[in-house]
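Below is one structure, written out as structure tokens, with a few remarks after it.
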Amino acid sequence: MTGTMASSALTSLSMMSLLSLSYLSWDLMGPNQLENTPDESFNDPASGLQPPHIIFIMTDDQGFNDIGYHSSDIKTPTLDKLAANGVKLENYYIQPICTPSRSQFITGRYQIHTGLQHSIIRPRQPNCLPFDQVTLPQRLQELGYSTHMVGKWHLGFYKKECLPTRRGFDTYFGSLTGSVNYYTYSSCDGPKLCGFDLHEGESVAWDQGGKYSTHLFTQRVRKILARHNPQSQPLFIFLSFQAVHSPLQSPKEYICPYSGLENVARRRYAAMVSAVDEAVRNITYALRKYGYYQNSVLIFSNDNGGQPLSGGSNWPLRGRKGTYWEGGIRGLGFVHSPLLRKRRRVSKALVHITDWYPTLVGLAGGNESMTDGLDGYNVWEAISEGKESPRLEILHNIDPLFNHARSGSLQQGFGIWNTAIQASIRMGDWKLLTGNPGRGDWIPPQILPGFPNSSWNLERIIKHQKSVWLFNISEDPYERFDLSEQRPDVVKQLLARLAYYNQSAVPVRFPSEDPRANPNLNGGAWVPWVADEENSINEKEETNPVNSKSKESSDCV
């Protein structure tokens with residue numbers, strides 16, 4: 001498929017969703033709201049006025065095809081309208097799994113610079129966001145912000161120093177592990193290794209369980225907005241929804257509208273997305289009701305690609321959650337704000353999740369250059385004014401611990417790079433993958449009941465002796481045409497960039513699991529298990545010795 005056809009296909013998807021939904025007539029403002037064009041001074045963060053209120057909303061495992069303006073089978077009228085009246089980010093990249101995306105958002109650094117190159121932080125691992133990192137909320141606190149986090153953390157909790165309240169958030173309400181039950185807040189890390197995971201600050205919130213997490217987290221954000229004085233102090237809220245990560249759970253009223261979807265997983269998943277859409281509608285209403293909206297910046301982002309086996313869809317992109325194909329790392333993102341100079345448009349500026357750190361610090365009136373070692377760029381002018389992005393390339397990752405490709409070698413990498421190592425980089429229009437990038441399927445929307453496992457490989461192309469792929473992403477966003485053999489010159493150039501980045505990589509932090517973390521030993525909850533006064537685990541135990549530089553429709557009536 002040519003680049004023109006690719007663009008046409010995406011446009012068709014967007015137009016179909018616009019025509020099939022009535023969101024254009026949905027009034028988000030409510031009876032007591034005003035939406036006037038702000039004074040020009042509001043458009044300039046350097047005007048001397050109070051810095052803007054920042055609300056960053058992140059969803060979990062939401063696929064590229066799981067939003068109304070990319071699809072036609074999931075209804076997201078609120079997100080569609082906010083995006084349509086803001087700036088849609090259609091060249092935006094995240095990471096393929098949970099912990100890496102969150103770590104890069106909150107530190108502005110690539111995984112190779114925090115030691116989190118491999119996998120996620122497991123509940124029993126004595127590991128967390130490195131203590132030497134100055135986090136985004138810490139920088140915003142320094143700039144006078146009131147900072148709050150609601151939802152999924154997944155950046156480690158083995159010591160109290162790892163908790164959100166010790167990493168820059170004035171308040172925290174949510175879950176510390178990667179996946180919990182939406183009602184009971186039980187989180188399991190293996191057979192008979194389950195514990196309660198809902199926390200208020202640094203205490204277990206036993207009394208808060210029982211309510212659907214999307215509703216519970218939204219209620220907390222609205223309470224924060226109601227209690228804070230928007231004129232006295234700028235506010236930063238990081239709302240990290242558990243949705244739409246498995247388990248697939250949703251109140252019945254959200255499932256019934258999707259009774260026409262024969263695939264049960266897709267039906268339940270769509271219902272969860274609709275619950276998120278309603279939540280964002282309620283939060284947007286609260287921003288207007290309590291006087292925040294005119295001086296606010298609302299950012300929406302997913303954390304990684306969707307998981308088709310759990311109802312998600314990244315169609316027409318290749319790949320899924322956990323892979324470095326576009327379906328795993330091409331993000332859903334938009335910015336909605338009266339402070340945008342040029343609204344109601346689509347941005348093709350290259351943006352990466354690390355860019356939010358310096359961009360938001362800049363909006364807050366700070367100097368992002370004061371934080372050494374950032375891998376992100378301030379992309380506000382690219383988003384707000386349509387200027388060129390300062391970002392020219394993205395290191396998607398280098399993971400020396402992931403299973404090495406059998407066919408890869410330093411020789412195949414022209415003596416520049418060992419192509420057995422899982423790595424990926426984008427430079428300009430070009431994207432290179434080495435090693436084992438993960439399952440490279442193109443999975444159509446799930447419309448068949450049951451969708452047997454044999455059908456997941458509908459268009460899969462298998463080449464056993466393969467460890468290098470090269471694509472022109474601008475012309476071939478669906479990664480159908482591997483150009484590695486036709487353009488060895490480009491391959492060499494990108495391999496050299498991988499070698500360059502790897503020179504600054506720190507050792508991988510992936511420690512063995514600690515049996516003391518078992519909730520049965522800690523009152524039945526997932527809580528920090530290393531005492532404050534206890535010395536840190538020996539560095540040799542805390543890091544892996546491999547260095548990254550080395551080798552339900554029946555209920556609906």
Side-chain angles (χ1 to χ4, degrees), residues 53-62 78-79 98-99 101-103 105-106 129 135-138 140-141 145-157 162-183 185 187 196-228 230 233-245 249 272 275-287 289-290 292 296-303 356 360 525-526:
H53 306 289
I54 301 168
I55 299 86
F56 195 102
I57 299 175
M58 179 178 284
T59 56
D60 198 348
D61 285 11
Q62 185 176 2
T78 300
L79 298 177
C98 306
T99 295
S101 278
R102 285 164 172 74
S103 71
F105 165 66
I106 211 167
L129 198 69
T135 68
L136 172 61
Q138 286 173 330
L140 294 177
Q141 280 181 332
Y145 273 72
S146 176
T147 60
H148 306 268
M149 181 176 175
V150 177
K152 173 177 173 177
W153 175 239
H154 208 185
L155 288 173
F157 60 92
C162 301
L163 297 176
T165 48
R166 308 288 180 99
R167 304 314 301 267
F169 291 103
D170 295 325
T171 69
Y172 173 68
F173 179 65
S175 299
L176 299 174
T177 63
S179 176
V180 303
N181 184 289
Y182 283 70
Y183 293 96
Y185 298 93
S187 175
F196 186 78
D197 184 16
L198 185 62
H199 297 260
E200 178 80 66
E202 299 182 6
S203 302
V204 181
W206 295 104
D207 61 331
Q208 296 289 331
K211 189 168 185 177
Y212 188 59
S213 74
T214 301
H215 294 163
L216 186 64
F217 294 160
T218 303
Q219 182 183 57
R220 175 54 59 95
V221 171
R222 289 170 60 89
K223 184 178 293 185
I224 293 171
L225 293 171
R227 292 178 174 178
H228 185 81
Q233 185 182 21
L235 190 69
F236 171 61
I237 297 178
F238 177 30
L239 171 57
S240 178
F241 280 118
Q242 172 192 351
V244 287
H245 195 290
Q249 296 175 306
M272 295 165 71
V276 168
D277 188 77
E278 180 186 78
V280 176
R281 180 183 191 272
N282 290 333
I283 291 168
T284 307
Y285 177 88
L287 289 174
K289 178 179 180 180
Y290 298 118
Y292 295 88
S296 69
V297 176
L298 186 150
I299 300 166
F300 181 87
S301 172
N302 61 342
D303 69 339
W356 294 122
L360 299 185
W526 291 105

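Scope of the values below: all heavy atoms of this structure, side chains included, with no hydrogens, waters or symmetry mates.
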Next item on the list: Provide the closest heavy-atom pair for Ala279 versus Thr214 in the form atom of the first, atom of the second, distance.
Entry: CB-CG2, 4.0 Å
Checklist line | Any side-chain heavy-atom pair of Asp170 and Gln141 under 4.5 Å | finding: yes
Checklist line | NE2-NE2 distance between His148 and His228, expressed to the nearest 0.5 angstrom | finding: 6.5 Å
Next item on the list: Drop me the distance from Leu287's CG to Tyr290's OH, to the nearest 0.5 angstrom.
Entry: 11.0 Å
Margin query: Run the side chain to side chain contact (heavy atoms under 4.5 Å, CB included) test against Gln208 and tell me which residues pass, sequence neighbours left out.
Written below: Phe173, Leu198, Ala205, Leu216
Note to self: Ignoring hydrogens, what is the shortest heavy-atom contact between Ser187 and Trp526? Give both atom names and the distance.
What the structure shows: O-NE1, 2.8 Å
Checklist line | Non-neighbouring partners of Asp197 that pass salt bridge (Lys or Arg N to Asp or Glu O under 4.0 Å), sequence neighbours left out | finding: none
Check: Should Ser179 and His154 count as side-chain neighbours, where that means a heavy-atom distance under 4.5 Å?
Finding: no
Check: Does Tyr185 reach the main-chain N or O of Val180 with its side chain, forming a donor-acceptor pair under 3.5 Å?
Finding: no
Next item on the list: Ignoring hydrogens and angles, state whether a donor on the side chain of Thr78 or Asp277 is under 3.5 Å from an acceptor on the partner side chain.
Entry: yes
Next item on the list: Begin from the C-alpha positions of Gln233 and Ser146 and carry the test side chain to side chain contact (heavy atoms under 4.5 Å, CB included) through to its verdict.
Entry: CA-CA 7 Å; Gln233 185 182 21; Ser146 176; 3.5 Å; yes
Next item on the list: Any chance you could measure Leu360, atom CG, to Phe238, atom CZ, to the nearest 0.5 Å?
Entry: 11.0 Å
Next item on the list: For Asn302 and Gln62, work out which heavy atoms get closest and say how close.
Entry: ND2-O, 2.8 Å
Notebook entry, point to check: How are the rings of Phe236 and Phe105 set to each other: parallel, tilted or perpendicular (split at 30° and 60°)?
Noted result: tilted
Notebook entry, point to check: So, for Gly151 and Phe217, which heavy atoms are closest and what is the spacing to 0.1 Å?
Noted result: CA-CE1, 3.7 Å
Check: What is the ring orientation for Tyr183 with Tyr212, classed by angle as parallel under 30°, tilted 30 to 60°, or perpendicular over 60°?
Finding: tilted
Next item on the list: Would you check if Asp60 and Arg102 make a side-chain contact, meaning some heavy-atom pair closer than 4.5 Å?
Entry: yes
Check: Rounded to the nearest 0.5 Å, what separation is found between the CD atom of Glu200 and the CH2 atom of Trp206?
Finding: 15.0 Å
Next item on the list: Find the distance between OG1 (Thr147) and CD1 (Ile237) and round it off to the nearest 0.5 Å.
Entry: 10.0 Å
Next item on the list: Test side chain to side chain contact (heavy atoms under 4.5 Å, CB included) on Val297 and Phe56 and set out the steps.
Entry: CA-CA 8 Å; Val297 176; Phe56 195 102; over 6 Å; no
Check: Taking C-beta and beyond as the side chain, do Tyr145 and Ile54 meet within less than 4.5 Å on heavy atoms?
Finding: yes
Next item on the list: Heavy atoms only: give me the nearest Met58-Asp303 pair and the separation to one decimal.
Entry: SD-CB, 3.7 Å
Next item on the list: Please name all residues satisfying ring pair (Phe, Tyr, Trp, His ring centres under 6.0 Å) with Tyr172, sequence neighbours left out, ordered by chain then number.
Entry: none
Checklist line | Cys162 vs Leu155 side-chain heavy atoms within contact, under 4.5 Å | finding: no
Check: Looking at CG of Leu239 and CZ of Phe300, how far apart are the two atoms once the value is rounded to the nearest 0.5 Å?
Finding: 10.0 Å
Check: Below 4.5 Å, heavy atoms only, C-beta onward: do His245 and Cys98 meet side chain to side chain?
Finding: yes
Notebook entry, point to check: Would you say His199 and Val204 make side-chain contact, with heavy atoms under 4.5 Å?
Noted result: yes
Notebook entry, point to check: How about Thr171 and Thr165: do any of their side-chain heavy atoms sit closer than 4.5 Å?
Noted result: no
Next item on the list: Return yes if some donor-acceptor pair links the side-chain N/O of Lys152 with the main-chain N/O of Gly178 below 3.5 Å, else return no.
Entry: yes
Margin query: Could you walk me through whether Ile283 and Thr218 satisfy the side chain to side chain contact (heavy atoms under 4.5 Å, CB included) test, starting with their C-alpha distance in whole Å, then the side-chain angles of each, then the deciding distance to 0.1 Å, before giving a yes or no?
Written below: CA-CA 7 Å; Ile283 291 168; Thr218 303; 3.9 Å; yes
Item checked: His215 and Ser213: side chain donor to acceptor below 3.5 Å -> no
Note to self: Could you walk me through whether Ser240 and Val150 satisfy the side chain to side chain contact (heavy atoms under 4.5 Å, CB included) test, starting with their C-alpha distance in whole Å, then the side-chain angles of each, then the deciding distance to 0.1 Å, before giving a yes or no?
What the structure shows: CA-CA 6 Å; Ser240 178; Val150 177; over 6 Å; no
Checklist line | Atom of Arg167, atom of Leu129 and distance for their closest heavy-atom approach | finding: NH1-O, 2.9 Å
